[in-house]
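Below: the structure, in structure tokens.
No experiment lies behind these values; they were computed from the predicted model shown.
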Amino acid sequence: MGSPIREIKPNENLQHNIDDEKTPFTKEEANGNSIQVKKIDVEDCEDLSDNKESILTKLKSNAIYREKYLISIGITWSFFVLGWAYGQFGPSILDLRIITHTSLQEASGFMTSHSVGYLVGSIISGIIFDKMKEKTYCVSSSTLALAIIVVLIPWCSFYELMIGIHVFKGMAGGGLDTTGNALLISLWRAEGKSFFQSIHFAYAIGGAISPFVTAPFLAPDKNNNQTERDVFRNASVTANPVTSNSTGWKFSDLSMTESRLFIPFSITTFLAVTAALPLYILACTSKRPTDLETQKPENEEIDKERNVEKLSRGMKVLILAIIMLFMGLYCAMEDGFNNFLATFCVTELKWTKYIASVATAVFWASFTAGRFLGIFLAPIFKTVKMLVVLSTFLLVGFLGFFLTAHFKIYEGIWIFTGFVGFSMSIIFPSIFSWTEESILPVTGFIASLFLIASSAGSTINPIIIGFLMDNSTPMWFTYIMLGESAIMLMVFFMAWTFAKRIKISKNTFKEVEIDVRSEDHEDTECKKFIVESELN
């Protein structure tokens with residue numbers, strides 16, 4: 001028989017009942033919008049103890065849990081491959097110019113076309129994902145499409161064909177990014193925080209490793225008479241001399257060599273296949289019930305739980321526009337710095353392509369380390385404070401990068417490259433967390449808007465950077481990064497100002513509904529009382 005339940009009278013002090021150890025609900029539960037006082041039987045306690053069993057025990061005894069766990073590992077490996085594919089693009093852009101006989105300004109179109117495809121792929125895959133019963137097929141198909149497309153890139157010698165193949169690569173990457181995150185949320189809901197951090201960590205690891213794998217297969221520099229040790233010692237001496245009055249890297253310096261880019265891109269394809277096939281097998285053999293019960297909660301109910309006021313449509317549009325601008329600026333800097341860093345090191349600093357690839361790897365290594373630390377920092381510090389600190393660090397990092405590049409302080413280039421990567425690492429997931437915690441629920445529609453803004457920033461930035469680096473000076477790379485980081489910090493403070501205005505004021509009164517049921521199992525009598533409680 002369950003424990004006896006004491007009836008709570010309407011005129012009885014609520015705080016007294018909460019503090020009474022016999023009361024079957026906690027103070028935190030009483031501060032919510034509604035409370036149901038329920039009888040807890042011994043069997044219920046046994047069920048609660050089952051939830052605390054170890055992961056290994058669940059994997060052995062629960063087939064559905066084991067399947068969800070394996071799918072999550074498959075998604076994590078897919079994101080490793082996604083980061084790998086994106087991380088190798090920056091070092092390989094010079095070889096892509098060799099293949100297509102293009103200038104840097106024209107090669108920037110590869111990044112733009114990729115961003116456009118990413119946006120289109122995210123929208124299409126999001127629509128398909130909602131209509132699929134077994135959603136694992138979406139992730140598997142996107143990963144397999146990425147594998148097929150990547151292996152074709154080194155063989156696209158025509159410029160228009162290279163543009164088209166990067167559109168499809170972006171569609172596959174955007175589809176994998178969208179469906180992977182959505183599937184992980186649908187599998188675990190609130191219990192999937194560790195897995196959500198893991199997939200972004202895996203993405204960063206892939207991006208950090210791939211430049212090292214790609215660099216040995218890049219076309220060798222012409223007239224390379226120096227050892228790599230000499231270049232590290234004095235990076236101002238280039239393997240491909242350029243006159244002092246030259247403002248850009250000439251295609252004639254690149255076209256005399258032959259690229260072996262098909263080798264690292266084939267490795268990427270192999271990794272993508274190893275991620276796609278297990279997910280496809282898991283989808284075919286799935287025994288999980290159709291995930292139709294995971295309906296999105298209503299915004300108003302979420303607002304009550306989060307203790308924020310319901311926003312008007314105008315305020316919601318304004319705040320979303322500001323956050324989208326912040327997202328666009330951030331993604332423009334992340335993709336721009338990653339994709340153009342190697343080119344900047346070759347054209348302005350006169351480093352070899354191998355050393356430039358190492359610089360890209362340093363960026364990814366610090367980016368990866370930051371995301372790993374973010375797993376432990378997120379529960380400790382408030383999200384908004386982390387965003388303030390990281391956005392400020394990013395501005396300082398780009399300022400240092402600009403000064404060290406201008407005065408040719410090469411040790412500083414390495415230091416601030418890592419500093420920028422670390423500062424960027426946690427910003428992207430923190431934006432989602434801060435929006436959910438302090439502004440409004442992050443629904444699928446809100447996530448799509450953020451993705452559109454991210455793709456827009458990644459699309460516009462390469463056009464501007466490529467044009468200015470090619471027609472003026474490579475130093476425009478540092479000018480743009482520094483300017484965008486300053487604007488992003490100002491935009492964040494603007495969003496923070498609006499966010500502080502939408503919190504519910506303290507000491508407001510909320511009605512608490514208490515549902516008291518009879519101890520007798522056969523007694524259907526239920527008494528409800530409405531108690532007015534002050535929330536602090």
Task: Matching residue for V150 among V81, L271, T269 - test: side-chain contact (heavy atoms from CB on, under 4.5 Å) - done: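 Of the listed residues V81, L271, T269, the side-chain contact (heavy atoms from CB on, under 4.5 Å) partner of V150 is T269.
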- [ ] Using side-chain contact (heavy atoms from CB on, under 4.5 Å) as the criterion, point out the one residue from I427, L489, T392 that pairs with L387.
- [x]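 The passing option is I427.
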TODO: Taking ring pair (Phe, Tyr, Trp, His ring centres under 6.0 Å) as the test, write out the residues that go with F344, two or more places apart.
DONE: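 For F344 the ring pair (Phe, Tyr, Trp, His ring centres under 6.0 Å) partners, ignoring immediate neighbours, are F401, F477.
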Answer whether the closest heavy-atom distance between the side chains of [X] and [Y] falls below 4.5 Å.
X: T352; Y: V346; result: no
X: S108; Y: F340; result: yes
X: L161; Y: W155; result: no
X: T417; Y: F337; result: yes
X: H406; Y: T478; result: no
X: F492; Y: M488; result: no
X: L176; Y: S78; result: yes
X: N339; Y: I93; result: no

Could you tell me the separation between the [atom1] atom of [X] and the [atom2] atom of [Y], rounded to the nearest 0.5 Å?
X: C331; Y: M327; atom1: SG; atom2: CE; answer: 5.0 Å
X: M162; Y: I99; atom1: CE; atom2: CD1; answer: 5.0 Å
X: I71; Y: T136; atom1: CD1; atom2: OG1; answer: 3.5 Å
X: I465; Y: M481; atom1: CD1; atom2: CE; answer: 3.5 Å
X: S425; Y: F393; atom1: OG; atom2: CZ; answer: 11.5 Å
X: S454; Y: F450; atom1: OG; atom2: CZ; answer: 8.5 Å

Flag, side chain of [X] to backbone of [Y], donor-acceptor distance under 3.5 Å:
X: S485; Y: L395; value: no
X: R371; Y: F201; value: no
X: R260; Y: P216; value: yes
X: T214; Y: P264; value: no
X: N461; Y: G457; value: no
X: K135; Y: M132; value: yes
X: S157; Y: T100; value: no

Task: With Y203 via side chain to side chain donor-acceptor pair (under 3.5 Å) - residues at least two apart - done: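 For Y203, no residue satisfies side chain to side chain donor-acceptor pair (under 3.5 Å) once neighbours in sequence are set aside.
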Open item on the list: Are Y159 and F110 an aromatic pair, judged by ring center distance below 6.0 Å?
Closed with: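 Yes: the rings meet the under 6.0 Å criterion.
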Task: Centroid-centroid under 6.0 Å between F89 and H166 rings - done: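 Yes; H166 has its ring centre under 6.0 Å from that of F89.
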Taking all heavy atoms of [X] and all of [Y], pick out the closest pair and write down the distance.
X: A453; Y: M324; result: CB-O, 3.2 Å
X: A405; Y: L349; result: O-CD2, 4.4 Å
X: G397; Y: F419; result: CA-CD2, 3.5 Å
X: S142; Y: G175; result: OG-C, 3.5 Å
X: T473; Y: E348; result: OG1-OE1, 4.1 Å
X: S140; Y: A276; result: OG-O, 2.9 Å

Task: F168, CZ: over 12 other non-hydrogen atoms inside 6.0 angstrom - done: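 Not more than 12 within 6.0 Å, no.
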- [ ] Evaluate whether atom OH of Y479 has more than 12 neighbouring non-hydrogen atoms of other residues, nucleotides or ligands under 6.0 angstrom away.
- [x]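 Yes.
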- [ ] Apply side-chain contact (heavy atoms from CB on, under 4.5 Å) to N338 and W364, showing your working.
- [x] CA-CA 8 Å; N338 172 48; W364 276 101; 2.8 Å; yes
TODO: In sequence, state the C-alpha distance, the side-chain angles, and the governing distance for F367 and I205, and then conclude on side-chain contact (heavy atoms from CB on, under 4.5 Å).
DONE: CA-CA 9 Å; F367 188 85; I205 292 178; over 6 Å; no
Open item on the list: Let's go through H114 and Y86 carefully: what are the C-alpha distance in whole Å and the side-chain angles of both, what is the deciding distance for ring-ring contact (aromatic ring centres under 6.0 Å, His included) to 0.1 Å, and is it a yes or a no?
Closed with: CA-CA 10 Å; H114 178 275; Y86 286 174; 5.0 Å; yes
- [ ] Return yes if a side-chain donor-acceptor contact under 3.5 Å exists between Y118 and D177, otherwise no.
- [x]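 Short answer, yes.
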Task: Stepwise side-chain contact (heavy atoms from CB on, under 4.5 Å) test for F416 and F402 - done: CA-CA 9 Å; F416 284 105; F402 160 71; over 6 Å; no
Open item on the list: Please evaluate residues T347 and M469 with respect to the criterion side-chain contact (heavy atoms from CB on, under 4.5 Å), reporting the C-alpha separation (whole Å), side-chain torsions for both, the decisive distance (0.1 Å), and the verdict.
Closed with: CA-CA 9 Å; T347 57; M469 289 181 68; 4.2 Å; yes
- [ ] Take K353 and D95 through the salt bridge (charged side-chain N to carboxylate O under 4.0 Å, His left out) test and state the conclusion after the steps.
- [x] CA-CA 10 Å; K353 286 190 289 183; D95 278 33; 3.1 Å; yes
